[in-house]
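Side-chain atoms are counted along with the backbone in the values below, which use heavy atoms only and exclude waters and symmetry mates. Just so you know, ligand 1 is whichever comes first in the structure, and atom 1 is the first atom listed for that ligand.
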Amino acid sequence: MRPNILKMAGYVPGEQPRDGEYLKLNTNENPYPPSPRVFEAIQKNLTSDRLRKYPEPLGDSFREAAAPILGVAPEQILIGNGSDDILTIVTRAIVPEGGVLASLTPSYILYKSLAEIQGAHFLTVPFTADWKIPSPWPLQAHLVCVPNPNSPSGTFFDPTEVLRLAQESGGYVVLDEAYADFAPTNGLHLAQGKIIVSRTLSKSYSLAGIRFGFAVADRELVPQFIKVKDSYNCDVLSLAAATAAIRDQAYLAEIKAKLIRTRERLYNALLELGLSAIPSQANFVWCRSSGLPNQVIYQKLKERKILVRYMNYPDFGDGLRITVGTDSEIDSLLKALREILS
Ligand SMILES: *Cc1c(COP(=O)(O)O)cnc(C)c1O
């Protein structure tokens, strides 16, 4: 066993209880069903031939369908078994053992595990008080991973800031756009040179169970990443589902508009309850209490079968990250919070 593996704690995913037991507002899943086209596409692929044979290694049908929608070339797209797979592939390809993977803080905690597995140093830089990238960027890194919108804060910075980040850090940058579909703009057009944009179908497309993500990168980089990935990292059914989902942009626009309306309602209601909350550009809202401890609120919600994410960062403190559900789900949450806080 490599010493770095023995030493590391390992990434702990959010709680995933059995279906139906809890109202799940803890891991940013979409409360709305996937596009009806997704079900048709999966059904169509449930044939002996499709299941018997290996899937497309590079996911060419997905790449060809997605490229014109994203405004990039098919050769710029790398498919992944969820965007966590994309982050793994990029880290393995870029960060040497003993090298540096950096991130902002507080942010997505998987980046740390990826650095530890790689035997690399993990360094963090705090966001500025208004949730921007510090200027100048203070350290050199082989790779900097930065989500935009950020988790857990839901905050958003001007994506063109990553151009400066790549220059000042001297390395590659992953712009992790897991939540970009809920934000006003995105950085897809920046996916050139040393900037890699990562996307997932887990959140905005309601397909967390399918495991599909992708990267958009410079066409010179993609062949290097392909050497690192598993030959068949995405299966027949997830490729079919993802291709159908990304083609249905009208459906995406519809559920996105609903979620954004509910997000604003949730944010205002949290303030009315006396909690402090951060305005969000994602499908969740970060809040904290100045009275009852956040962890107690989390526990009391759990007793009422409502799961939110309790998080505690050494350099930022603790709070609750609440996923935007349907309007009636958020009504149930707010009713429970009112009881707990009164
Ligand atoms: C959810 C999330 C991911 C991972 O998404 P999957 O495609 O489900 O692996 C990546 N980055 C951030 C910031 C996320 O919140």
Heteroatom distance test ([X], ligand 1): nitrogen or oxygen, under 3.5 angstrom:
X	value
D84	yes
S151	no
Y111	no

Are the charged groups of [X] and [Y] less than 4.0 angstrom apart, N to O?
X	Y	value
R265	D327	yes
E40	K44	no
E29	K24	yes

* **atom 15 (O) of ligand 1 [closest protein heavy-atom partner, distance rounded to 0.1 Å]** =>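 Answer, as residue, atom name and distance: Y179 OH, 2.5 Å.
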* To do: Write out the residue and atom name of the closest protein heavy atom to atom 5 (O) of ligand 1, then the distance separating them to 0.1 Å.
  =>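 Heavy-atom neighbour on the protein nearest atom 5 (O) of ligand 1: S83 OG, 3.2 Å.
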Just jot down the ligand 1 atoms closer than 4.0 angstrom to any heavy atom of [X], in number order.
X	value
G82	7 (O), 9 (O)
S202	6 (P), 7 (O), 8 (O)
R211	6 (P), 8 (O), 9 (O)
K203	1 (C), 2 (C), 3 (C), 4 (C), 5 (O), 14 (C), 15 (O)

* For the side-chain contact (heavy atoms from CB on, under 4.5 Å) test, which of T323, N294, L333, L337 pairs with V308? ->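 It is L333, the one option of T323, N294, L333, L337 that forms the side-chain contact (heavy atoms from CB on, under 4.5 Å) with V308.
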* **Between T155 and N150, a side-chain donor and acceptor under 3.5 Å** =>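 Not at all, the side chains of T155 and N150 share no donor-acceptor pair under 3.5 Å.
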* Do the side-chain N and O atoms of N28 and Y179 include a donor-acceptor pair separated by under 3.5 angstrom? ->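 N28 vs Y179: donor-acceptor pair found between side chains.
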* With a 4.0 Å cut-off on heavy atoms, does D176 reach ligand 1? ->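 Checking ligand 1 against D176, which is what was asked, there is a heavy-atom contact under 4.0 Å.
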* Which atom names give the shortest non-hydrogen contact between A336 and I306, and what distance separates them? ->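 In terms of heavy atoms, the two residues are closest at CB-CD1, 3.8 Å.
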